[in-house]
Amino acid sequence: MAASNTAEHAAKRRKTRQASGSVTIGGKTISVEGYLASSRPKQPEANRPRSIAPNSPQEQPTNLPSRQATKPVLPDKKAPYTKSRASNETKDQALLKARRELPIWQHQEEIRAVVKRLGTDVIVIVGETGSGKSTQVPQFLYQEPWCRRHKVKLPGRRDDIHVGGMIAITQPRRVAATTLAHRVSAEAGTPLGKGRSDGLVGYSVRFDHQVPRGARIKFLTEGTLLQELLRDPHLKQYSAVVIDEIHERSLDVDLLAGFLKQILFGDKTERGGVPLKVIIMSATAEVGVIQEFFGNDAMPGKEKASNVDLLRIKGRQFPVAILYEPQPVADLQDALLKKIFKIHVEEPLPGDILAFLNGQEDIESAQRLVEEYATSLASNVPKIVAVPLYGQLSIEAQRVAFQPARSPLTRKVVLATNIAETSVTVPGVRFVVDCGKAKVKQYRPRLGMESLLAKPISKSSAVQRAGRAGREGPGKCFRLYTEDAFDKLQDSDLPEILRNDVLGAVLTMKARGIQDVLSFPLMDAPEPASIEMALLHLHFLGALEDDGAITPAGEMMARFPLSAPLGAVLLAAAGPEFDCVLEVIDAISCLTSGDDIFIHVQSEEGAEEAEAHRRDVQRREGDIITYLTTMQMYAAENSDRIDWCKKRKINIRNMKQALNIRRQLRGMCLKEKLLSEMPAPDPQPFTPLSPERAEAVIKCFLRGFAMRTAMLAPDGSFVTINGKHVVAIHPSSVMHGQKKEAIMFLEHVYTNKNYAKKVSAIQAAWIAEALGRGVGH
DNA sequence: GAGCACTGC
């Protein structure tokens with residue numbers, strides 16, 4: 001009886017909906033013609049004939065195996081393989097079998113042969129997703145004779161030194177480096193784990209180093225290898241360096257490429273004449289810039305052209321049909337929702353949807369609208385559930401996006417930012433909706449500020465997004481723009497080195513012995529004017545002498561895992577004038593752990609509640625002292641830190657990260673003699689910072705950020721000292737809405753407006769004082 | 001008075 005009731009009810013609902021052929025959601029009327037009226041089978045069949053849009057290529061049957069992920073999927077604490085004594089042999093056999101099936105396996109001999117004869121030339125391996133390049137290439141090479149550890153005698157030195165023996169392989173992200181190391185160590189028969197001191201494979205990332213005795217393969221993040229370069233400019237422990245994922249063109253990888261090129265073509269005396277093999281790996285085909293770069297024309301003073309061997313390896317992607325809009329869409333958000341509903345109506349289950357949106361705001365509004373739509377669905381048709389996915393979400397909230405929909409016959413639609421393009425892989429996706437835009441951060445050297453605006457994506461980014469539909473089976477990608485618009489997109493994204501402040505990059509070069517940074521080899525060189533501004537800035541910070549040589553302070557700044565201005569702040573704090581290293585470390589730890597430790601609460605009640613609970617950490621001196629207080633109270637908390645964070649709507653993950661950074665910085669300050677002794681362990685009783693100490697801390701920060709200050713104008717606005725721009729205090733600041741004589745801000749971002757972020761109240765006189773004397777003066 | 005993609009040492 002109940003069943004017939006609901007059926008009747010559903011039929012009724014269907015009828016009313018059918019009459020209009022549209023639903024009204026969030027004040028917008030959206031046509032769902034054919035959906036609510038359609039008599040969909042309750043159990044969609046996988047082989048149901050589909051209508052294929054005229055402009056889509058025919059889907060091809062495929063005999064490719066269905067799952068393959070060489071890339072780590074989502075952050076997972078566990079290693080991908082677990083040991084089991086009983087089935088070790090079969091497990092090893094299974095691993096070998098899986099390796100043999102990888103597309104790259106057939107190229108094994110070819111890769112060995114090419115790498116063997118590499119001298120000053122390099123090999124570029126283009127391997128699509130799933131080719132197995134990241135896991136296999138180091139394993140193909142480590143037993144080669146050239147990869148042995150050499151004992152050499154250097155001129156003028158009595159003792160022999162060792163050169164080579166290990167292969168370094170770099171990754172842009174920590175999770176990638178550690179999960180790959182776990183996987184490869186298992187494949188190599190010496191799985192990483194507790195209580196194991198020997199093994200063939202290790203990794204080294206920030207906060208986590210596991211390099212067993214006798215390791216021949218070492219996975220590292222690009223940043224870690226750059227740090228190693230500081231101690232050893234010739235990378236003496238390595239026989240080969242593999243640069244993976246170079247197509248992402250991070251700032252670090254561009255610098256690494258420059259240093260590797262210098263090692264390749266430079267003097268080998270320090271390496272005892274032992275050459276370094278360089279293997280470059282990319283997931284995208286556009287490697288022209290890389291080939292040209294290593295083809296040595298770009299190296300000043302070298303005539304001979306080198307060979308750049310190029311090897312292309314097929315991936316394991318299923319075909320993805322691309323469908324464009326016939327006309328440009330006027331309202332992206334509206335088009336996106338219509339497309340999601342259309343897919344839900346016309347495409348079979350299972351098959352989740354992954355939609356790429358601009359940012360958190362768009363995601364939240366789209367989520368509300370999809371949810372409204374979901375409630376309007378007839379009860380006898382598959383349901384739809386919307387899940388957000390962006391970086392600022394908590395781990396638990398992100399996890400939802402990776403799990404299958406809870407109830408059966410439900411289609412999940414993941415509304416994601418760019419995070420789903422490279423950083424994580426959402427399983428179960430067969431349909432991608434691509435809005436064609438992404439928010440891009442760009443530094444404006446002239447203004448000394450950055451902007452964060454939505455811009456059209458590149459072709460390579462669009463291809464990457466589409467590929468997300470073909471991980472588990474043939475898929476479809478719906479682009480919310482015309483084919484013509486796609487053709488007009490840039491081929492690839494602007495590399496980070498052209499979008500960022502080069503201050504840190506210049507310090508990195510100077511600290512690694514580059515005198516003339518303008519002629520350092522780079523695949524894409526920033527404007528000379530940007531580099532010159534960075535040099536001046538570093539000089540002001542006390543990192544460079546008047547003649548441009550690096551100072552001892554600059555060398556120390558380069559050793560710290562901090563931006564140059566924050567490094568200068570830390571050094572100032574160690575001086576007798578301020579003597580507040582521990583306080584500054586506490587503030588810096590919170591300032592640099594992810595985007596923000598304070599979660600932005602959407603709802604008004606939630607915001608008020610968080611506000612009420614946060615009152616005990618907030619300080620009128622501004623954000624820096626508020627962060628400092630937060631760390632001190634958190635570290636003093638002895639009962640339940642998680643609960644303490646939850647009440648105040650503080651991001652637990654970022655807070656834990658802050659604690660890691662604090663531990664690392666304390667350790668380094670001790671080593672660098674900025675601290676004379678290790679402070680007492682937590683928890684220590686909390687005592688609020690006195691106003692005098694707070695002033696000292698803020699004055700330390702002024703030594704790094706004197707140029708990022710603004711004065712209150714008669715009309716109530718703030719005008720920057722540098723450039724006389726009007727800035728508004730960002731709403732996320734505790735200083736928002738307050739009027740003080742002058743402010744200092746650590747960040748300067750243009751979005752809808754010119755915003756100052758991470759703001760502190762200062763006195764105008766302090767600015768002159770700080771401008772008069774940099775750190776080293 | 002109003003809001004922010006992603007990494008890394």
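Below, chain A is the first sequence line, B the second, and so on; all start at residue 1.
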Handout entry: Non-neighbouring partners of A/Y203 that pass ring pair (Phe, Tyr, Trp, His ring centres under 6.0 Å), sequence neighbours left out
Key = A/H182

Practice task
Could you check whether A/Y755 gets within reach of a base, just the sugar-phosphate, or nothing at all, counting any heavy atom under 4.0 Å?
Solution key: sugar-phosphate

Exercise for the section: Residues of residues 447-462 of chain A with any non-hydrogen atom less than 4.0 angstrom from an atom of DNA chain B: list those, numerically ordered, please. Expected result: A/L452

Problem - B/dT7 phosphate, OP1 or OP2, under 4.0 Å from A/R206 side-chain N/O - result: no

Handout entry: By ring pair (Phe, Tyr, Trp, His ring centres under 6.0 Å) - contacts of A/F701 (at least two apart)
Key = none

Practice task
For the residue pair A/S458 and A/S461, confirm or rule out a side-chain donor-acceptor distance under 3.5 Å.
Solution key: no

Practice task
Quick one: list whatever passes side chain to side chain contact (heavy atoms under 4.5 Å, CB included) with A/P445, sequence neighbours left out.
Solution key: A/Y443, A/S530, A/M533

Handout entry: A/E245 versus A/S282, side-chain donor and acceptor atoms under 3.5 Å
Key = no

Handout entry: side chain to side chain donor-acceptor pair (under 3.5 Å) partner of A/E421, chosen from A/R465, A/Q464, A/R468
Key = A/R465

Problem - Distance-only donor-acceptor test (3.5 Å): side chain A/S732, base B/dC4 - result: yes

Practice task
Look at the side chain of A/K753 and decide which nucleotide, out of B/dA2, B/dA5, B/dC9, has an atom nearest to it.
Solution key: B/dA2

Practice task
Please name all residues satisfying ring pair (Phe, Tyr, Trp, His ring centres under 6.0 Å) with A/F259, sequence neighbours left out, ordered by chain then number.
Solution key: A/F520

Handout entry: Contact residues, residues 433-441 of chain A to DNA chain B [heavy atom, < 4.0 Å]
Key = A/K439, A/K441

Exercise for the section: Check if the side chain of A/H730 and the base of B/dG3 share a donor-acceptor pair of N or O atoms closer than 3.5 Å. Expected result: no

